[in-house]
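Worksheet: one structure, shown below.
Side chains are part of it too, since the values below use all heavy atoms of this structure and drop only hydrogens, waters and symmetry mates. This structure is a prediction, so every number in the text was calculated from the model and none was measured. Numbers restart at 1 for each chain; the letters A, B, ... are given by sequence-line order, proteins then strands.
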2 protein chains.
Amino acid sequence: MSQVTVKDVARLAKVSPRTVSNVVNDYTHVSDDVRRRVLAAIDELGYRPNLIARNLRTGRTGLLALIVPEIDVPYFSELARAVIDAASAHGYRVMIDQTGHDHERERQLLIGSDRTMLFDGILFSPLVTQDEIADLDSSTVLPTILLGEHTFTGRFDHIAIDNTRAAHEATTHLVATGRRRIAAVGAQPRETYRTPRQRTAGYLSALADAGLPLDDDLVVPAARYHRRDGYDATRRLLALDAPPDAIFCYSDLLAMGAMRAVQDAGRRIADDVAVIGIDDIEEGRFAIPSLSTVALDKDVIATRALEQLVRRIEDPSRPATQIVVPHQLIERDSTRRAA
Amino acid sequence: MSQVTVKDVARLAKVSPRTVSNVVNDYTHVSDDVRRRVLAAIDELGYRPNLIARNLRTGRTGLLALIVPEIDVPYFSELARAVIDAASAHGYRVMIDQTGHDHERERQLLIGSDRTMLFDGILFSPLVTQDEIADLDSSTVLPTILLGEHTFTGRFDHIAIDNTRAAHEATTHLVATGRRRIAAVGAQPRETYRTPRQRTAGYLSALADAGLPLDDDLVVPAARYHRRDGYDATRRLLALDAPPDAIFCYSDLLAMGAMRAVQDAGRRIADDVAVIGIDDIEEGRFAIPSLSTVALDKDVIATRALEQLVRRIEDPSRPATQIVVPHQLIERDSTRRAA
DNA sequence: TTGTATGCGTTATCAC
DNA sequence: GTGATAACGCATACAA
């Protein structure tokens, strides 16, 4: 583990450190002879450039931080995969931080209170983001891009999803298959977050468009978006005097729990109670029955996010932009009645 | 983004940079008065220590690399969560690299050919590790710990699972529920990897112990361990003249695909064809039907791994150790016949 | 094309 | 208990 430095290489190759550096970074044209000598010396000594030193000098680390609530939630792990791959294509590596649904932690990470000086940029994908991030002074912050599900504030670059429309389409699909008592699972207990609010808005407007009445009992909050939360909410729904004939879940993971709850209650998924989610995680494609959903293309989100973030790193003063990525309704068995 | 340095703080607080550093790192006893002044200056200037510089000086980065084949495979994302949390408890942050099943990439990352100088240590969780890593000269390598599923080579610290016994228990469970034609899904096409080889060994010995004959047709390879691979393998099994009445999958994800294939073939899971996996991913607990499995405790793996890795970082010369974490058979509905 | 010298921001060695 | 200064390894301005 003893450090071999440029100096050692330079000494062995009988050149200056400068030349070694030039060879390593293929800078200006170095004579083939010298290059060969340097390369040989590097090889012999097993020289490995010290990234930390290089980074101190250049001010860049080649490291991005991806901040998600929980990496083991499939939506985020699938997103992480796409982000890591996209970052790799731009020469960056990705560190993952989990906020664990802790707002204060989210804020801390976003303003880089901690040790964030290590990163060239931040990809921030909060499950629940408060309006207050809009109040952050983005000029003091590292190049940052918000992923998914938020309203454009004009302060941060931002890859958005049209939550309201996505929720509207999901609900309308349930209406189109003949459902009349459609529940919504995933509203937030406190109405402080944008994403669930938008999804609730889409749900409500779809009901209105279909001329269906709103029954407050059918709008069930979920503190988190885990399978367990979807399960518990659905158990409560099915215990109602007038249970729903369809459930729109604000995430696929909620929907997985919802399907299981319908099953455990002895009702038939799709025939008795249709279930639809949002996200299009792979798990839903193989579920029994397969889960209808509104697909969010994580590859597109990641690709566009990296393009944008790299641009901002190169030019921190450019104005913030918003990119809206499309979504797509995918009908599968969980909303399809038996023939 | 302009850097505020210790010097700026020192100037404002009218002390030396040394003192500022002492305050920041709670070193030697600084007088309360001075400490207060320094803290006030830090606050006023919004000073944030530059980690890169600190790291250059100390030789530590506080960063670990977690290397997995694919982060969006639930076993690995659940493991990553546990690792990130455990690392955080030790003051480390975690960067994630994906090898994408590329052996050469795995090797490169392991020997730190690239820019690995950035990390204080490596947690390496290959899906498929070749014997050849045993040939690596561990002395030239960063502190490294191998996670799960390998044979102890004496070169690297190593958190192991008793694959042979786990597979034996899974198979024996199927025997105990009255199955006689038990298939195995997940053997590797080329017998170069240890984990699947060990699992196959456990399967075979369980058959032998039960006095059941081996039918080569029932041992099906899977190139990867995705749902799709389990699905395809199972379709082939069910198309046999004498299809199996139970399927032991080498991972839960394979088993999820297997269950779906049984369903699609119009057979009943558990009653006609029992399915069991290994891993105990959360997805299996909510699946319809719930998936029997052999649980590997990822929290224990992560916790022990970090203890061990931190020890090695502090003392690189200590001998390599192997820790075997226990596993546990969990019976759920996918192997339970209807009453 | 290559060599010399300086500084990135921090911590550590030495004095005081 | 605190202040000045060197050094970590690299990249680059400047000089040759």
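Evaluation of the side chain to side chain contact (heavy atoms under 4.5 Å, CB included) rule for B/A80 yields A/I71, B/L66, B/I71, B/I96 as partners, not counting sequence neighbours. Here B/R11 pairs with B/K7, B/D8 under the side chain to side chain contact (heavy atoms under 4.5 Å, CB included) rule; sequence neighbours left out. By the side chain to side chain donor-acceptor pair (under 3.5 Å) test, B/R311 pairs with B/Q308, sequence neighbours left out. A/R81 is linked by a side chain to side chain donor-acceptor pair (under 3.5 Å) to B/E70, B/D72, counting only residues two or more places apart in sequence or in another chain. Residues forming a side chain to side chain donor-acceptor pair (under 3.5 Å) with A/D315 (at least two apart in sequence, or on another chain): A/S317. For A/L12, the side chain to side chain contact (heavy atoms under 4.5 Å, CB included) criterion is met by A/A41, A/E44, A/L45, not counting sequence neighbours. With sequence neighbours excluded, the residues forming a side chain to side chain contact (heavy atoms under 4.5 Å, CB included) with B/V24 are B/V20, B/I42, B/Y47, B/P49, B/R54, listed by chain and number.
An end-to-end axis angle of 40° holds for the helix from C/dT1-D/dA16 to C/dC16-D/dG1, taken from five base pairs per end and rounded to 10°.
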In the 5'-to-3' direction, what one-character label does each nucleotide of nucleotides 8-14 of chain C receive under the scheme B = base within less than 4.0 Å of a protein heavy atom, S = sugar-phosphate only, - = no such atom? BBBBBBB
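Using a 4.0 Å cut-off, some side-chain N or O of B/T19 falls inside it from OP1 or OP2 of D/dG3.
Under the 4.5 Å side-chain criterion, counting only non-hydrogen atoms from C-beta, B/L64 is not in contact with B/I122.
D/dC10 atom P lies 13 Å from atom CZ of A/R11, rounded to whole Å.
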